[in-house]
Amino acid sequence: MTADVFFMDLTATSRENLIQKLARLMIKAGIKDVLSEKDLTAVKIHFGEQGNTSYIRPIYIREVIRSARDLGANPFLTDANTLYVGTRSDALSHIKTAIENGFSYSSMDGAPVIIADGIRGKSETAVPVDQKNCKEVYIGSEIVDADALISVAHFKGHELAGFGGTLKNVGMGSASRRGKLDQHSNVSPKIKRKTCIGCGECAAHCPGSAIYLEEKKAFINKELCIGCGECIVRCPTESVKINWNQTVPVFLEKMMEYSLGVLKDKTDKTLFINFITRVAPKCDCLPYSESPIVNDIGVVISRDPVAIDQASADLVNGQQGLPHTVLTDNLGPGQDKFRGLYPDVDWEHQLEYAEKIGLGTRKYSLKKMKTLSYKKG
Ligand code: SF4
Ligand code: SF4
């Protein structure tokens with residue numbers, strides 16, 4: 001089976017600007033078949049960490065909102081809180097960051113920002129998936145409860161996954177804090193004794209009563225820890241750290257199993273959009289952005305989450321790498337830019353595994369949308 005991936009480049013003319021072109025691409029890709037009247041539609045994006053400048057420009061997201069609303073749907077913008085301490089680790093700071101980065105109720109044409117896993121990242125739904133690594137996955141409840149999902153991902157490099165696109169936006173991005181910790185690690189967090197000041201904040205908020213204090217230092221009882229990640233964001237001295245004991249292939253497989261959980265029960269109610277623009281070497285979770293590794297390429301849309309990421313990776317790898325960036329290997333057209341950035345990360349494993357568990361297909365047909373010619377006169 002081959003999936004269609006619809007592509008627009010970034011050429012605009014007096015007959016059609018890029019916002020209008022995006023609207024036309026969404027129609028070509030079948031948004032009308034995905035959304036129905038009154039569908040509560042989660043538009044899953046990444047608002048960007050404060051200081052990051054690579055995330056998708058809000059004016060494009062507003063067009064996604066408007067296109068959904070034109071079909072009678074009720075869209076809202078969403079993302080789940082982060083596992084790490086930053087400017088998006090609870091719903092209040094997350095919404096503040098979203099507003100500061102340009103995603104507000106007024107700028108988004110009346111679509112609210114609703115954080116998928118609630119004010120403290122605890123509003124989660126356990127979704128059974130019964131896969132090799134995860135029997136159930138923990139997803140932000142607002143995404144589970146939505147009637148439809150439009151994932152809008154910024155396609156770029158990623159330190160752990162090789163690249164981040166649709167599958168990462170869906171699988172990791174929709175997971176609650178517990179779900180994120182579950183994907184990153186299979187053991188409890190650890191406490192840095194050197195910096196722990198014994199304040200007891202972590203213990204006071206641990207739902208498993210797994211933390212105890214001895215001689216003004218915190219300790220975690222692994223038997224009681226349920227892996228919720230609450231202690232990580234509660235610690236005022238950032239002394240609680242993730243135990244990065246998981247291998248990259250298992251991390252990627254879990255992320256795909258989480259994607260499966262997110263998309264479960266949304267058959268025919270999903271659309272995936274990748275912006276292959278400002279292809280930074282690292283994640284938008286960083287509070288800065290490095291120079292893009294290739295020139296801006298365009299936007300792709302598909303109903304298949306695997307095909308769209310495969311097509312996006314191929315489009316990036318088909319480019320000439322730009323000079324004066326952190327990419328110093330594999331710069332030639334056709335060379336693997338993600339391996340050039342992260343030689344030890346087998347990024348293809350996420351696509352192979354996603355295909356294996358039935359998320360979609362790596363075989364795709366790229367449908368290039370024509371640019372409308374200039375108006376005469
Ligand atoms: S991860 Fe959750 S359950 Fe485990 S020690 Fe931290 S707060 Fe407690
Ligand atoms: S919250 Fe942090 S500093 Fe306070 S006791 Fe726990 S680990 Fe130590």
Side-chain angles (χ1 to χ4, degrees), residues 49 79-94 115-129 131 133-144 159-161 168 171-248 250-255 257-258 261-262 283 285 287:
E49 196 71 10
D79 194 6
N81 293 308
T82 58
L83 176 58
Y84 59 86
V85 182
T87 62
R88 297 176 301 120
S89 52
D90 62 72
L92 277 75
S93 63
H94 206 152
I115 300 304
D117 55 345
I119 60 167
R120 290 205 183 276
K122 292 179 185 168
S123 299
E124 64 186 11
T125 301
V127 179
V129 290
Q131 293 296 313
N133 303 287
C134 306
K135 294 301 159 213
E136 59 181 16
V137 297
Y138 308 101
I139 308 297
S141 293
E142 307 302 349
I143 290 178
V144 176
E159 307 87 305
L160 275 181
K168 186 166 183 304
M172 181 61 74
S174 305
S176 64
R177 182 170 299 123
R178 179 183 183 175
K180 287 188 171 84
L181 185 58
D182 181 33
Q183 291 177 67
H184 281 296
S185 173
N186 56 10
V187 293
S188 314
K190 57 184 175 189
I191 291 171
K192 264 172 73 183
R193 282 179 62 81
K194 248 187 179 175
T195 50
C196 171
I197 54 171
C199 66
E201 267 296 296
C202 52
H205 293 97
C206 172
S209 302
I211 304 179
Y212 57 96
L213 283 125
E214 267 179 22
E215 294 172 7
K216 292 202 169 168
K217 297 288 172 190
F219 295 87
I220 295 176
N221 180 340
K222 294 180 178 63
E223 303 298 313
L224 296 176
C225 174
I226 58 166
C228 69
E230 186 69 14
C231 49
I232 298 171
V233 290
R234 290 284 185 171
C235 178
T237 58
E238 297 186 23
S239 298
V240 188
K241 300 288 175 196
I242 299 170
N243 236 330
W244 299 99
N245 72 329
Q246 197 136 264
T247 63
V248 170
V250 173
F251 163 74
L252 294 174
E253 287 172 12
K254 280 189 171 181
M255 201 161 75
E257 293 173 7
Y258 268 72
V262 175
C283 187
C285 292

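In listed order, ligands and their atoms are each counted from 1. Heavy atoms only: backbone and side chains are in, while hydrogens, waters and symmetry mates are out. Here the structure is a predicted model, which means the values were calculated and not measured.
Remark: side-chain polar atoms of Glu257 are paired, donor with acceptor, to backbone N or O of Asn133 under 3.5 angstrom. Under a 3.5 Å cut-off, the side chain of Arg177 and the backbone N or O of Asp90 do not form any donor-acceptor pair. With hydrogens and angles ignored, the 3.5 Å screen pairs no side-chain donor or acceptor of Lys122 with any backbone N or O of Ile119.
Interface atoms of ligand 1 facing Gly229, defined by a heavy-atom separation under 4.0 Å, are 1 (S), 2 (Fe). Residue-ligand proximity, Glu201 to ligand 2, at heavy-atom distances under 4.0 Å covers atoms 1 (S).
Taking 2.8 Å as the criterion, Cys228 does not count as a coordinating residue of atom 6 (Fe) of ligand 1, since none of its N, O or S atoms falls below it. Among the atoms of Cys225, an N, O or S atom falls under 2.8 Å of atom 4 (Fe) of ligand 1.
Among all protein heavy atoms, the one lying closest to atom 2 (Fe) of ligand 2 is Cys235 SG, 2.3 Å. Scanning the protein heavy atoms around atom 8 (Fe) of ligand 2, the nearest turns out to be Cys196 SG, 2.4 Å.
Of all the heavy atoms of Ile211, the ones lying under 4.0 Å from any atom of ligand 1 belong exclusively to the side chain.
Using 4.0 Å as the threshold, Pro236 has a heavy atom nearer than that to some atom of ligand 2.
One option in Cys202, Pro189, Ala218 has a heavy atom closer to atom 1 (S) of ligand 2 than any other, and that option is Cys202.
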